[in-house]
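What follows is a short report on a single structure.
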Amino acid sequence: MPFDSTTLERPGEASQRLATLSARLPGLIFQCYRSAEGRICFPYIAGADSPVLGDAHQRLRLADDGRHAFDRVHPEDFPRLMVAVERSAKGLSLMATQFRLSRPEGGEAWFGVRAQPEPHGDGTLWHGVMVDISEQIAHQAHLRELSDTDELTGLPNRRKLMSCLDYQLSLSCRHGTPLSLILFDLDHFKRVNDTWGHLKGDEVLCRLATLCQEELRGEDTLARLGGEEFAVLLPLTPRPQALAVAQRLRERIAGHDFGLFPRRVTISLGVAEYRIGENREALIDRADRHLYIAKESGRNRAIDAPEN
Ligand SMILES: Nc1nc2c(ncn2[C@@H]2O[C@H](COP(=O)(O)OP(=O)(O)OP(=O)(O)O)[C@@H](O)[C@H]2O)c(=O)[nH]1
């Protein structure tokens with residue numbers, strides 16, 4: 001039967017309809033008041049998300065004193081929420097933010113809130129909506145993970161390495177702590193593909209990734225830059241230690257049987273330590289030059305300076 005839109009206009013029904021709607025809303029609608037002295041209360045809250053709302057008693061309490069509502073906000077998100085509230089009150093601009101909230105029955109969920117402020121008495125009154133956005137947040141995290149990961153090996157890709165590098169460079173600059181980068185490349189990998197086929201080549205790349213990972217610490221980042229090129233970012237590691245790690249990686253690969261008898265798989269490595277103040281490209285360029293020297297001087301070696 002088609003929906004009869006005239007029922008929307010029947011007098012007397014509007015408030016009943018609104019009550020039904022707000023009670024079944026898959027989220028919350030609310031009014032939040034903050035006085036000039038910072039006292040917060042929720043004069044009106046409605047919606048179907050009862051675990052977040054709490055029981056009738058808790059709602060009444062929020063109508064009087066809204067501070068309890070903030071007790072369950074995740075500590076990492078609390079400052080961001082407070083900044084959004086402050087900014088919205090100051091500029092009378094739409095508040096739009098997201099935060100995690102622990103549920104009374106356990107577990108936590110992400111919520112998105114949008115609320116329009118208006119001056120009210122000596123304070124601010126917001127009219128807002130709040131919905132559970134946990135699914136969207138999980139989906140976004142999954143997409144981010146995909147865009148940061150090399151499909152073949154499952155390692156972080158070039159994009160991810162660059163963002164780790166930027167972060168570690170800023171830490172190194174601020175605290176004066178050492179940071180090293182190793183770039184490495186398989187030797188004569190084209191011959192592996194040409195002799196055993198591309199699939200076997202792929203298998204070698206994956207095995208190599210696992211072997212290298214086993215030699216590194218949890219805080220090191222091993223990434224595939226593309227093709228047969230890899231990188232390792234080593235926080236808190238000066239050049240001599242980074243060179244020792246590079247030698248260990250080299251030995252591990254050269255000593256492993258990849259099933260390509262009589263050919264052995266080897267890698268050449270270039271090592272560079274970050275010099276405070278230089279940019280990312282200068283560090284990569286130095287490691288790359290050392291890798292080039294390692295290739296030119298016979299392969300299956302690690303080089304950390306132009307002269308050796
Ligand atoms: N199997 C496989 N091969 C790849 C992949 N990416 C790049 N390659 C191959 O890696 C080889 C790289 O060849 P080159 O750049 O000539 O280097 P190389 O043969 O390793 O020689 P050197 O680096 O000079 O020691 C090419 O044959 C590429 O096709 C991949 O994802 N899988």
Side-chain angles (χ1 to χ4, degrees), residues 142-165 180-216 220-234 237 239 242-274 280-308:
H142 178 61
L143 290 181
R144 207 167 27 246
E145 174 90 22
L146 284 182
S147 73
D148 282 346
T149 306
D150 170 56
E151 210 180 327
L152 177 69
T153 59
L155 291 177
N157 59 16
R158 177 184 289 271
R159 203 180 101 98
K160 178 68 179 172
L161 180 85
M162 292 307 154
S163 81
C164 290
L165 195 47
S180 292
L181 178 70
I182 301 173
L183 295 184
F184 68 93
D185 187 300
L186 278 108
D187 296 328
H188 298 304
F189 190 55
K190 188 171 179 326
R191 293 183 196 165
V192 172
N193 275 328
D194 290 348
T195 314
W196 281 272
H198 212 266
L199 279 183
K200 185 66 188 174
D202 283 358
E203 214 179 280
V204 168
L205 291 172
C206 291
R207 187 81 200 112
L208 176 132
T210 309
L211 294 171
C212 290
Q213 198 82 77
E214 284 170 9
E215 292 297 322
L216 298 168
D220 301 332
T221 303
L222 171 66
R224 184 181 177 210
L225 299 181
E228 17 77 84
E229 275 178 49
F230 293 79
V232 189
L233 183 60
L234 303 142
T237 311
R239 191 175 75 169
L243 181 62
V245 172
Q247 293 293 12
R248 215 165 64 219
L249 294 174
R250 188 190 63 73
E251 284 163 20
R252 182 76 193 269
I253 299 306
H256 184 78
D257 179 6
F258 284 84
L260 307 175
F261 186 80
R263 169 166 287 281
R264 299 217 70 80
V265 172
T266 60
I267 54 175
S268 298
L269 309 94
V271 180
E273 181 177 345
Y274 178 59
R280 178 177 91 180
E281 279 61 39
L283 173 67
I284 296 173
D285 198 49
R286 241 158 351 98
D288 203 33
R289 269 186 280 136
H290 298 161
L291 167 57
Y292 179 76
I293 296 169
K295 288 275 184 190
E296 288 296 291
S297 54
R299 294 180 172 78
N300 189 23
R301 62 197 63 202
I303 298 288
D304 68 336
E307 66 278 6
N308 62 18

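Here, residue 1 is the first one in the sequence, and each next residue gets the next number. Predicted model only: the values in this text are computed from it and were never measured. Just so you know, ligand 1 is whichever comes first in the structure, and atom 1 is the first atom listed for that ligand.
Contact annotation: for Lys200 versus ligand 1, there are no heavy atoms closer than 4.0 Å. Contact annotation: for Asn193 versus ligand 1, heavy atoms closer than 4.0 Å belong to the side chain alone. The side chain of Asp185, and not its backbone, has at least one atom closer than 4.0 Å to an atom of ligand 1 (non-hydrogen atoms only; side chain from C-beta on).
Counting only distance, with no hydrogens or angles, the side chain of Thr149 and the backbone of Pro156 share no donor-acceptor pair below 3.5 Å. Judged by distance alone, with hydrogens and angles left aside, the side-chain atoms of Asp150 form no donor-acceptor pair with the main-chain N or O of Ala223 at under 3.5 Å. No donor-acceptor pair closer than 3.5 Å links the side chain of Thr195 to the backbone N or O of Val192. Here the side chain of Arg301 pairs no donor or acceptor atom with the backbone of Ile293 at under 3.5 angstrom. Not a single donor-acceptor pair under 3.5 Å links the side chain of Arg207 to the backbone N or O of Asp202. Judged by distance alone, with hydrogens and angles left aside, the side-chain atoms of Thr221 form no donor-acceptor pair with the main-chain N or O of Leu233 at under 3.5 Å.
At under 3.5 Å, not a single nitrogen or oxygen of Leu205, backbone or side chain, sits near a nitrogen or oxygen of ligand 1. When only interatomic distances are considered, the shortest N/O to N/O separation between Leu152 and ligand 1 does not fall below 3.5 Å. Inclusion of Arg191 in the set of residues having an N or O under 3.5 Å from an N or O of ligand 1 is not warranted.
Residue contact check: Asp187 has heavy atoms under 4.0 Å from atoms 20 (O), 25 (O) of ligand 1. Close approach of ligand 1 to Gly201 is summarised as follows: ligand atoms under 4.0 Å from at least one heavy atom of the residue are 1 (N). Contact atoms of ligand 1 toward Arg299: 22 (P), 24 (O), 25 (O) (distance under 4.0 Å to a heavy atom of the residue). Here is the list of ligand 1 atoms found below 4.0 Å of a heavy atom in Leu186: 20 (O), 23 (O), 25 (O). Contact atoms of ligand 1 toward Gly227: 6 (N), 7 (C) (distance under 4.0 Å to a heavy atom of the residue). Heavy-atom proximity to Lys295, at under 4.0 Å, picks out these atoms of ligand 1: 22 (P), 23 (O), 25 (O).
Side-chain contact check for Arg299 and Thr266: no donor-acceptor pair (N or O, by modelled atom type) lies under 3.5 Å.
Nearest to atom 12 (C) of ligand 1 by heavy-atom distance, out of Glu228, Glu229, Glu296, is Glu228.
For atom 16 (O) of ligand 1, the closest heavy atom belonging to the protein is Lys190 CD, 4.1 Å. Nearest protein heavy-atom neighbour of atom 21 (O) of ligand 1: His188 N, 3.4 Å. Remark: minimum distance from atom 20 (O) of ligand 1 to any protein heavy atom is reached at Phe189 N, 2.7 Å. Among protein heavy atoms, atom 32 (N) of ligand 1 sits closest to Asp202 OD1, 2.6 Å.
Within a 6.0 Å radius of CG in Leu199, no more than 12 heavy atoms belonging to other residues, nucleotides or ligands are found.
For residues 249-261, the salt bridge (Lys or Arg N to Asp or Glu O under 4.0 Å) pairs, not counting sequence neighbours, are Glu214-Arg252, Glu215-Arg252.
The shortest separation from a heavy atom of Arg224 to ligand 1 is under 4.0 Å, placing the residue in contact.
One distance of note links SG of Cys206 with CZ of Arg224; it measures 8.0 Å at 0.5 Å rounding.
Under a 4.0 Å N-O distance rule, the pair Lys295/Asp187 qualifies as a salt bridge.
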